[in-house]
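What follows is a single structure, written as structure tokens, with notes after it.
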Amino acid sequence: MSEKVKILINGAFIESKATEHLPVENPANREVLAEVPLTLLSEIDEAIEFATEAFKTWKEYTIPERARLFLSYQHLLKQHQKEIAEILSKENGKTFADAMGDVWRGIEVVEHACNIPTLMMGETVENVARAVDTYSYIQPLGVCVGITPFNFPAMIPLWMFPMAIACGNTFILKPSEQTPMTAIKLAELFIEAGFPKGVLNVVHGSKDQVNHILNHSEIRAISFVGSVPVAEHVYRTGTHNLKRVQAFGGAKNHMVVMPDANKQQVINNLVGASCGAAGQRCMAISVAVLVGEAQNWVEEIKSALGTIKPGVWSDESAAYGPLINQQSKEKVLRLIKSGYEQGAEVLLDGSNCTVEGYENGYFVGPTLFSNVSADMDIYKEEIFGPALLLMKADTLDEAIKIINNNPYGNGTSIFTNSGAAARKFQHEIEVGQIGINIPIPVPLPFFSFTGWRKSFFGDLHSYGKQGVRFYTETKTITARWFEEDVPGGNVNMTIAL
Ligand code: NAD
């Protein structure tokens, strides 16, 4: 009997009474690490009730008290970073070094949450009319929810609950059923930091649990990160139920390679950005658009990509780990096959990759396609595997057109030595996050994570100032204090004199 992953309700880590469980697998060898419960809907209701009750007192904590608790949490996360990274590597498969980065990028959001006193500042204008002042406060909403994907088991939950809770809300986290153990470790440290019970609750499950949450009347705001079809579903259902929703979906990220770029930098960055984390990053570069003379660099890109190898998380020489599950591997293999059938040139094919001692792991070797066109399935679908597509463009204008015609708008980058080319690119491209000689431009938490088009449904993005706006309501006060009695009333609209 494998361990059952606990749920967190009202400060207590308990075993769910669920009768159905899913295995949590180590994707490198299919070992069942634990079983995750499909939490009973009645248990979810209970968690929401406790979160509703906890909100009444949590919102009254002073802002410095909240900030201080987050300082303790940040300290604990740093102390336990390696332990969290190990749990994360085992259930997700990514290398230990990459898992350390996953946790670190989450810790940075917690650091941002420690700045909550300044982030919560409202606005004031004196004398909007004679002796009248207007000022605004921002106040928390109530119970908020986070629904997260498998590919960043630490960072993405930490995009959400620290910001929401620092603003004074309480929270229900529903992590990916494929990586629930990292979330529970984050929650254990949260409780250890001293936060009151009921402020953060964690429930597990899949479609039914998510749908129940989306329809619950007490939920005020929903943060979602995952695939496009589910992001659309969460956005439509949540907004239909009159809730605030931010839903981040999938991506197809392009790197434009100009002929004046530093060739070695381009090649080094392309290898890591396409195959790092087995290509299972929403900001992975999956398409390189080679402009003009840069089209002659294909052989060098191929030899660089051909030298890296996947392996198990604890192998320091492994460039990346396995895919998350059998279904993902089948999807990647299907798309590689379609690449052959639809006329792409397959320069590297990772379909038959095995790792010694881990023969049943979900490994795929680095894969490279050239002569790719926009009508191929490998281009239209998010592969989410260690695969890079090479496309050609004669000019920067043509490269920009290719990217703007793609439905996704999460991230993109340009490698060039020309300021004019970079300026044109950043201005004309219809993508939310742009790197100039930076392959994966994920903004630090004092900015926001700003995907566009099919990569994001909603208006206020994650963390940064937008995250604070998403988790709060603005209250505007207009005040006048009388120094003496003023006779009579006024039935007309006042003219501000
Ligand atoms: P997923 O959509 O399968 O799952 C995400 C969450 O939704 C999980 O918690 C899951 O339990 C739940 N879910 C799954 N199916 C559901 C359904 N039918 N109804 C309701 N809930 C459902 O995504 P995943 O495979 O875990 O993650 C990979 C995807 O996430 C990729 O497409 C990737 O690009 C995307 N992603 C996007 C970003 C971003 O910031 N834009 C970041 C990370 C990952």
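One-based numbering along the sequence shown. Atoms within each ligand, like the ligands themselves, are counted from 1 in listed order.
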For ligand 1, find out whether one of its N or O atoms is nearer than 3.5 Å to an N or O atom of E177. yes
Between E330 and R334, does a salt bridge (Lys or Arg N to Asp or Glu O under 4.0 Å) hold up when you go through it step by step? CA-CA 6 Å; E330 279 167 13; R334 168 180 64 79; over 6 Å; no
Below 4.0 Å from ligand 1: does a non-hydrogen atom of F456 turn up there or not? no
N/O separation below 3.5 Å, N211 to ligand 1: no
What do you reckon, does G226 have a nitrogen or oxygen under 3.5 Å from a nitrogen or oxygen of ligand 1? yes
Given that the side chain starts at C-beta and the backbone is N, CA, C, O, which of these parts of I156 lies under 4.0 Å from ligand 1, counting heavy atoms, or is it both or neither? side chain
Just distances here: any N/O of T148 and N/O of ligand 1 closer than 3.5 Å? yes
Can a donor-acceptor pair be found between the side chains of E359 and T354 at a distance below 3.5 Å? no
Validation row: T170, C144 side chains within 4.5 angstrom (heavy atoms): no
Taking I324's backbone N and O only, do any of them form a donor-acceptor pair with S328's side chain (distance below 3.5 Å, no angle check)? no
So which of G249, G409, G451, C282 gets nearest to atom 41 (N) of ligand 1, if we judge by its closest heavy atom? G249
Just checking, any donor-acceptor pair under 3.5 angstrom between side chains of Q178 and N325? yes
Between the candidates S328, S462, S227, G205, which shows the shortest non-hydrogen contact distance to atom 1 (P) of ligand 1? S227
Could you tell me the residue and atom name of the protein heavy atom closest to atom 7 (O) of ligand 1, and the distance to it rounded to 0.1 Å? F224 CE1, 3.3 Å
For ligand 1, note which part of M283 has a heavy atom under 4.0 Å away: side chain, backbone, both or neither. neither
Under 3.5 Å side-chain donor-acceptor pair for H212 and Q209: no
Within reach of ligand 1, part of E382 (heavy-atom separation under 4.0 Å): side chain
Would a 4.0 Å cut-off, counted as strictly less than, catch a protein heavy atom around atom 4 (O) of ligand 1? no
Between Y408 and N253, is any side-chain donor less than 3.5 angstrom from a side-chain acceptor? no
May I ask you to identify the nearest protein heavy atom to atom 26 (O) of ligand 1, giving residue, atom name and distance to one decimal place in Å? F150 N, 3.1 Å
Minimum-distance protein heavy atom relative to atom 33 (C) of ligand 1: F384 CZ, 3.4 Å
Would you verify whether the NZ or CZ of K309 falls within 45 degrees of the ring axis of Y320 while also being under 6.0 Å from that six-membered ring's centre? no
Using a 3.5 Å cut-off on N or O atoms only, is I147 in polar contact with ligand 1? no
Is there at least one pair of N or O atoms, one from K207 and one from ligand 1, spaced under 3.5 Å apart? no
Check this for me, if you would: do K90 and E31 make a salt bridge, where the nitrogen-to-carboxylate-oxygen distance has to be below 4.0 angstrom? no
Distance alone, cut at 3.5 Å: any donor-acceptor contact between the side chains of N201 and N10? no
Would you mind checking which non-hydrogen protein atom is closest to atom 22 (C) of ligand 1, with the distance to 0.1 Å? V230 CG1, 3.5 Å
What I want to know is whether W159 and ligand 1 share at least one N or O pair that is separated by under 3.5 angstrom. no
In the protein, which heavy atom is nearest to atom 40 (O) of ligand 1, and how far is it? F449 CE2, 3.1 Å
